[in-house]
Structure formats: structure tokens, C-alpha cells
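Working notes, beginning with the structure itself.
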Number of protein chains: 2
Amino acid sequence: MDAEVIKRSLQSSGLRCTAPRYAMMAFLTDHKGHPTAAEIFKAVNRVDPRSSRATTYNNLRDLVKAGLVREVAVEGRAGRFDLEGMRHHHFVCDRCGNVEDVDWYDVPQPASHSLGKRVVRECQLIFRGLCAKCAQRAPR
Amino acid sequence: MDAEVIKRSLQSSGLRCTAPRYAMMAFLTDHKGHPTAAEIFKAVNRVDPRSSRATTYNNLRDLVKAGLVREVAVEGRAGRFDLEGMRHHHFVCDRCGNVEDVDWYDVPQPASHSLGKRVVRECQLIFRGLCAKCAQRAPR
DNA sequence: CCCTATATTAGATATAATCTAAATCATTCA
DNA sequence: TGAATGATTTAGATTATATCTAATATAGGG
């Protein structure tokens, strides 16, 4: 995702293209991991060392609300984020806590009677277990 | 789940049956919501007002490790827990943040080539959208 | 080039979770 | 039953994470 694309996707969501927002989107584009807010804050600070923590959190909320960024539903201490681009599921390692992507595939919707009047916007699938590296090490 | 069952399920996991642990299990049995650690702490404190926050967190970790309790994968600020008993999926309301249960149904596993050497222990499905109550109120 | 709503800032504050080391208790085994 | 012992609990401090505030700055439209 290059400069123009980032700018346009921000603006088409009604968000101004500011330096911190741009830096966040660029960082998320380049880092396919699932950075925490703190990591994103640090990255934005490398670009502009005067950036504020509050801005990072504000923008994360705005970007999530705009549908450009997604907060990954993991239970760890700190929120983790990724670009809402190519769809994928997530795998969280029981031992090392790493969050990895798993190729996307369709998940069947629940039966309509068990949903009732709820309106589903999205669905996330989270696998848990041992990542490749931890699975090969001797059991604790 | 009555007293004896709780006691035995703790012991068969190698955990002593202590007052705080018992109170936590009993509370989770009675409260099918998805209480936060703070709510569980408060509940345990109603039983024994001298209980410590640290104990609550220690025990939650132990109970999760033992497979008796599950931490729900929601992205909110505070961790949420429920009994690992009847399986179910989760629905999180975009607007009010409530976490609700959705009837269990089998979710297909990912293709083995996209899992690689990872070992899957469990899988959680989280739906997001508007709960019945919020869906019926006028759009924000 | 202005104007103005939107966004950013530093720092204080709130909330959530963990750590420490001493005291206590549940279970085992004689 | 009565120690012995290792697991567990405790209060309170500490760390980590997130949000709030009100003053300042800036993007983008006219």
C-alpha cells in the first residue's frame, strides 16, 4: 500500500490524512505481525518523536471505527492490531503468546434461530495451541 | 455444579480445593455472563472479605491452565472468563460491549497445509455486530 | 491564503494486572 | 489424629495499559 493509497483510504473514510495516521497505516502495512498499541506508538515516534500516546490510541479507535484497521480478539494484556485487508484467521500460541495468521476460509454462520434478532457484522476465528516452534521443543 | 463436583474437578487437576478457588468456581457456575477478573474478585470477597486481588489473578491463571475455566477472547480492556463446560461461541455487541453466548456448532478445521506444524488445542469463534437490544434502537 | 472543524500534544489520571516476601492452610503419611 | 511440608494466600507496592484534559496546531475546503 503506497502513499497515495493510504491517503485516499483515510479520506474516503472522512479522516484527515495527518502525519501520525499516515505513519500508523504505513507501519501496519509493513509489519504483518500483530503489533500492540505500544509498538505502534514507538514506530510512529521514530517518524515524529513528539507524537503522543493519546494520539495513537485515538487514531487506533478511529481507524477501527472506519474499518481500516481491526483489533485482533486475543486475550493478552495489550490490544493488538492489524490492517483490515486480506482476510485471515488467527492462531495464538499457548506458550510464547505469538499471534500468527492462518489462511482465510469461510466459516458457516450460526443457525438463524440461535442468532435471534442480532445483526452479525463480522466473525473472527481464533485457534489456540502450540506454534510450530514451540510444538517442536520438549514439553515443559 | 455442586460442592462435591467442584471439589473433585479441582483435585483431579492437581489443584487444592481452597476457599477462594471454590468461591470462584461456584460464582462462575451461577453467573453465565462473562465476568471480568474484577467482578470475580468482588464476588469472592463477598464470601471472604479478606481475599486478595493477587489470589484472584493467580487462580484464574491456574484454572485456565487446568482447563476448568476459559478466558474469552474479547478485545476489551479487562479479561473475561467463563466455565469451560458446555461449549459455545461468543457474540460481542459493537455498541454496548455485552458478551453473549451463541449455541455451539462445529467449525471446520483449517487445511492442514495452512497449519503446518502447529498443534491446535481449541478454537474460538467470535461474532461481532449489534445485539438484539441495540439492533432495535435507532442507528446512532 | 484564511478559516474552522478536526486532530495533536504533554502530562496527569484511571484502570488492569503482576510482583514480593511473609504468613497460612490443605493434604499426605505415619 | 498430629505433625510436616509444599502449595496457596495475603497486603500492599509496583508495573503495564489506556484514557482524559484543555491548550495548541494543522489539514483541507473555500
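Chain letters run A, B, ... following the sequence lines, proteins first and then strands; every chain starts at 1.
Put simply, CG on B:Asn59 is 8 Å from P on D:dT8, counting in whole angstrom units. In this entry the distance linking NZ of A:Lys42 with P of D:dT17 reads 11 Å, nearest Å. Separating the CG atom of B:Asn45 from the P atom of D:dT9 is a distance of 13 Å, rounded to the nearest angstrom. When rounded to the nearest whole Å, the span between NZ of A:Lys65 and P of C:dT6 equals 12 Å. In this structure, OH of B:Tyr57 is placed 16 Å from C1' of D:dA11, rounded to the nearest angstrom. Rounded to whole angstrom, the span from the CZ atom of B:Phe41 across to the C1' atom of D:dT9 amounts to 12 Å. The OH atom of A:Tyr22 sits 14 Å away from the P atom of D:dA27 (whole-angstrom rounding). Protein atom CZ of A:Arg80 is 11 Å distant from nucleotide atom P of D:dA18, rounded to whole Å.
Mapped onto DNA chain D by nearest heavy atom, B:Arg21 and B:Arg53 fall at different nucleotides, with B:Arg21 at the one closer to the 5' end. Both B:Arg16 and A:Thr55 lie near DNA chain C, and the one whose nearest nucleotide falls closer to the 5' end is A:Thr55. Projected onto DNA chain D by closest heavy-atom contact, B:Arg50 and B:Leu15 fall at different nucleotides, the more 5' of which corresponds to B:Leu15. Summary of the strand contacts: B:Gln11 and A:Asp48 both lie near DNA chain C, and taking for each the nucleotide with the nearest heavy atom, the more 5' one is attributed to A:Asp48.
Counting any heavy atom pair closer than 4.0 Å across all strands shown, B:Ala54 reaches a base atom. As judged by a 4.0 angstrom heavy-atom cut-off over every strand, A:Thr36 is placed among residues making no nucleic acid contact. No contact: B:Asp62 has no heavy atom under 4.0 Å from any strand.
No N or O donor and acceptor, one from the side chain of A:Thr18 and one from the base of D:dA27, sit under 3.5 Å apart.
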> Can B:Glu71 and B:Leu60 be said to form a side chain to side chain contact (heavy atoms under 4.5 Å, CB included), step by step?
Replying inline: CA-CA 9 Å; B:Glu71 179 164 4; B:Leu60 281 172; over 6 Å; no
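Between the side chain of B:Arg21 and the backbone N or O of B:Thr18 there is no donor-acceptor pair closer than 3.5 Å. Put simply, the side chain of A:His34 gets close to the backbone of A:Val99: a donor and an acceptor are under 3.5 Å apart. No donor-acceptor pair under 3.5 Å is formed between the side chain of A:Ser51 and the backbone N or O of A:Asp48.
In this structure, A:Ser51 does not reach the C:dT8 phosphate: none of its side-chain N or O atoms is under 4.0 Å from OP1 or OP2.
B:Arg121 pairs by the side-chain contact (heavy atoms from CB on, under 4.5 Å) definition with A:Asp94, A:Arg128, not counting sequence neighbours.
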